[in-house]
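Working notes for the structure below.
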Amino acid sequence: MYMFFFTASLISILLATISFWLPSIVPDTEKLSPYECGFDPLGSARLPYSMRFFLVAILFLLFDLEIALLLPTPWAVQLTNPMMVIIWTSIIIILLTLGFIYEWIQGGLEWAE
């Protein structure tokens with residue numbers, strides 16, 4: 001038992017030391033920049049930005065959430081009533097597909113106007 005705590009403590013201290021020491025070796029100008037969202041750091045801070053950025057972010061979150069919701073589906077076979085999980089999975093996929101088709105028809109996925 002003491003060996004486990006000793007090993008865990010040693011690995012934790014070693015990783016913490018490396019994480020503080022390693023970044024100071026090679027500083028990167030991109031990582032030192034305060035802007036990480038695609039804006040030009042030399043321009044004005046008051047410029048309006050494209051809503052396309054937010055559209056891509058929201059679509060990414062939606063489909064990421066879809067994957068998180070659908071991940072347990074293969075284990076539904078082990079349940080007493082797997083048909084219910086399959087029905088809910090189908091509803092999620094159908095709703096997301098309909099939303100994606102709606103966005104496509106409305107032109108929300110077009111980059112050029």
Side-chain angles (χ1 to χ4, degrees):
M1 178 140 170
Y2 291 114
M3 187 64 177
F4 172 74
F5 287 120
F6 176 73
T7 306
S9 299
L10 182 67
I11 290 173
S12 300
I13 291 170
L14 181 69
L15 289 176
T17 305
I18 289 174
S19 71
F20 284 114
W21 173 69
L22 194 59
S24 63
I25 293 175
V26 183
D28 187 13
T29 57
E30 292 293 326
K31 290 183 180 179
L32 295 176
S33 173
Y35 297 98
E36 297 177 1
C37 56
F39 296 109
D40 182 20
L42 302 176
S44 173
R46 301 286 180 203
L47 290 176
Y49 44 90
S50 175
M51 294 303 279
R52 305 285 181 199
F53 176 78
F54 290 109
L55 177 65
V56 170
I58 289 171
L59 286 176
F60 173 76
L61 289 174
L62 274 175
F63 287 105
D64 195 37
L65 177 66
E66 172 196 4
I67 291 171
L69 289 174
L70 298 178
L71 189 63
T73 304
W75 289 279
V77 179
Q78 300 173 359
L79 297 175
T80 57
N81 189 6
M83 199 61 181
M84 197 63 186
V85 176
I86 293 172
I87 289 171
W88 281 109
T89 302
S90 300
I91 289 172
I92 290 170
I93 291 174
I94 289 169
L95 283 174
L96 285 170
T97 304
L98 290 175
F100 183 69
I101 291 170
Y102 176 77
E103 282 289 326
W104 194 333
I105 290 172
Q106 293 297 320
L109 302 175
E110 298 292 327
W111 286 106
E113 308 232 351

Which pairs would a plain distance check flag for residues 7-17, meaning a side-chain donor or acceptor within less than 3.5 Å of a matching protein atom at least two apart in sequence or in another chain?
{"unit_1": "T7", "atom_1": "OG1", "unit_2": "M3", "atom_2": "O", "d": "2.7"}
{"unit_1": "S9", "atom_1": "OG", "unit_2": "F5", "atom_2": "O", "d": "2.8"}
{"unit_1": "S12", "atom_1": "OG", "unit_2": "A8", "atom_2": "O", "d": "2.8"}
{"unit_1": "T17", "atom_1": "OG1", "unit_2": "I13", "atom_2": "O", "d": "2.7"}

Please identify each residue that fulfils side chain to side chain contact (heavy atoms under 4.5 Å, CB included) with [X], with sequence neighbours left out.
X	result
I101	T97, I105
L70	E66, T73, T89, I92, I93
L65	L69

Hydrophobic cluster partners of V85 (side-chain heavy atoms under 4.5 Å):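 Direct or chained contacts put V85 with L79.
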Partners passing ring pair (Phe, Tyr, Trp, His ring centres under 6.0 Å) against W88 (at least two apart in sequence or in another chain): none
Pairwise distance CG(L98) to CD(E103) - rounded to 0.5 angstrom: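 Here the interatomic distance stands at 12.5 Å.
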